[in-house]
Amino acid sequence: MHPPWILLRGLTREAAHWGDFVSAFENALPGARVVAPDLPGNGLLHRAVSPATVRGMVEACRAQLAAHGLRPPFRVLAMSLGAMVATEWARVAPGELAGCVLINTSLRPFSPFYQRLRPASYLPVLRCVLPGASPEAIEQTVLRMTSNCAAAHASVVRDWVAVRRQRPVSAPNALRQLLAAARYRAPVAAPLPAVSGVSHILLLASQNDRLVSSQCSQAIAQAWGVPLRLHPFAGHDLPLDDAPWVIRQVRSWAEGVAA
């Protein structure tokens, strides 16, 4: 039986933001079981206090899965802040993870701050996490920042606004998540070692990511000696902009790991 796939989203986002990706992923990888937990402060856990450290998010995620009767090993597909959580999970409990796919992430000490979050995004990000803006304004801003195909995805804003109204992320929780991401420091060597020359970590990145520079993923790939696949046109939310491409890369890599 294949290890379950754990899907983790980024800053202030929840399981619902995967949209149709989960069903497409399950259909493309026969026998795959997909679980998309929410980190504390987001989604079904929006009333909980977000940990101010990535390590705290890891422990919360592990406890949540255990409470639902899920036991390792797991495979993790995660993006942005979620990919930092996956990295720390692999560092503290490598035996629990059979593999990680990290999407459009950035990690200290490999990249400078202005690549980890592009300067043009500083004010829009703050407007999204601080109180005052309407749900519609926030989600329109998020789509502009994270998608390079915004016109094609205009309808998702309605869904995202409904999610934000039902399960709002508080400003203190958003700031705690931002703080955790900013100060997290990753291991200098790959947290999951290669086995028989096959890497158990795959990096996916968007060359034209306007939120986080793809140079961050390139630096991680070089430092860790793991494979990187670059997408030519998608934005930060790569699973939204080109889900079939993501699934093809994951399926090809997973087949190699399982061989």
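Every value quoted in this text rests on a predicted model; they were computed, and no experiment measured them.
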Within the side chain of [X], is there an N or O that forms a donor-acceptor pair under 3.5 Å with the backbone of [Y]?
X: R116; Y: A181; value: yes
X: S147; Y: L143; value: no
X: T87; Y: A83; value: yes
X: H17; Y: E14; value: yes
X: R183; Y: A52; value: yes
X: N208; Y: G235; value: no
X: W224; Y: P187; value: yes
X: H200; Y: L192; value: no
X: R71; Y: A66; value: yes
X: R176; Y: P51; value: no

Separation of [Y] [atom2] from [X] [atom1] (nearest 0.5 Å):
X: W245; Y: L204; atom1: CH2; atom2: CG; value: 5.0 Å
X: Q207; Y: S217; atom1: CD; atom2: OG; value: 11.0 Å
X: L230; Y: Q249; atom1: CG; atom2: CD; value: 10.0 Å
X: F233; Y: D242; atom1: CZ; atom2: CG; value: 4.5 Å
X: L81; Y: L8; atom1: CG; atom2: CG; value: 9.0 Å

Query raised in the report: Can you list the steps and then say if D241 with H153 is a side-chain hydrogen bond (donor to acceptor under 3.5 Å, both in side chains)?
Result: CA-CA 8 Å; D241 277 357; H153 303 309; 3.3 Å; yes
Query - Derivation and outcome, side chain to side chain contact (heavy atoms under 4.5 Å, CB included), residues R118 and S213 - result: CA-CA 7 Å; R118 292 182 182 273; S213 172; 3.6 Å; yes
Query raised in the report: Which is it for Q177 and S50 under the side-chain hydrogen bond (donor to acceptor under 3.5 Å, both in side chains) test, yes or no, and what are the steps along the way?
Result: CA-CA 7 Å; Q177 292 174 40; S50 293; 3.0 Å; yes
Are [X] and [Y] linked by a side-chain donor-acceptor pair shorter than 3.5 Å?
X: D209; Y: H231; answer: no
X: S206; Y: N104; answer: yes
X: R158; Y: S155; answer: no
X: H236; Y: S80; answer: yes
X: N42; Y: R13; answer: no

Report task. Would you confirm whether the ring centroid of W5 sits within less than 6.0 angstrom of the ring centroid of F74? Result ->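 Ring centroids of F74 and W5 are no less than 6.0 Å from each other.
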Query - Working for side chain to side chain contact (heavy atoms under 4.5 Å, CB included), residues R55 and E59 - result: CA-CA 6 Å; R55 176 66 181 272; E59 298 309 323; 3.1 Å; yes
Query raised in the report: Going through the distances and angles, do E26 and R33 end up as a side chain to side chain contact (heavy atoms under 4.5 Å, CB included)?
Result: CA-CA 7 Å; E26 288 179 322; R33 180 183 181 186; 5.6 Å; no
**Report entry** Linked, directly or transitively: V34 and V246 (ILVMFWY side chains, under 4.5 Å)
**Finding:**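 Yes; V246 is reachable from V34 via cluster members.
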Requested in this report: Indicate if F25 and M79 have the same hydrophobic cluster label, given that clusters are the connected sets of ILVMFWY residues with side-chain heavy-atom separations under 4.5 angstrom.
Outcome: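 F25 clusters together with M79.
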Query raised in the report: Are R164 and E139 within salt-bridge range, i.e. N to O under 4.0 Å?
Result: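 Yes.
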Query raised in the report: Are E96 and R62 close enough for a salt bridge, meaning some N to O gap below 4.0 Å?
Result: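 A salt bridge is present here (some side-chain N lies under 4.0 Å from a carboxylate O).
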Query raised in the report: Tell me, do C216 and F110 make a side-chain contact under 4.5 Å, heavy atoms counted?
Result: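 C216 does not reach F110 side chain to side chain.
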Query raised in the report: When you look at CD of Q222, are more than 12 heavy atoms from neighbouring residues, nucleotides or ligands closer to it than 6.0 Å?
Result: no
Query raised in the report: Around atom CG of D20, are there more than 12 heavy atoms of other residues, nucleotides or ligands at under 6.0 Å?
Result: no
Report task. Check step by step if side chain to side chain contact (heavy atoms under 4.5 Å, CB included) holds for V142 and D237. Result -> CA-CA 10 Å; V142 170; D237 196 340; over 6 Å; no
Requested in this report: Please report the closest heavy-atom contact between A98 and P3, naming both atoms and the distance.
Outcome: CB-CG, 4.1 Å
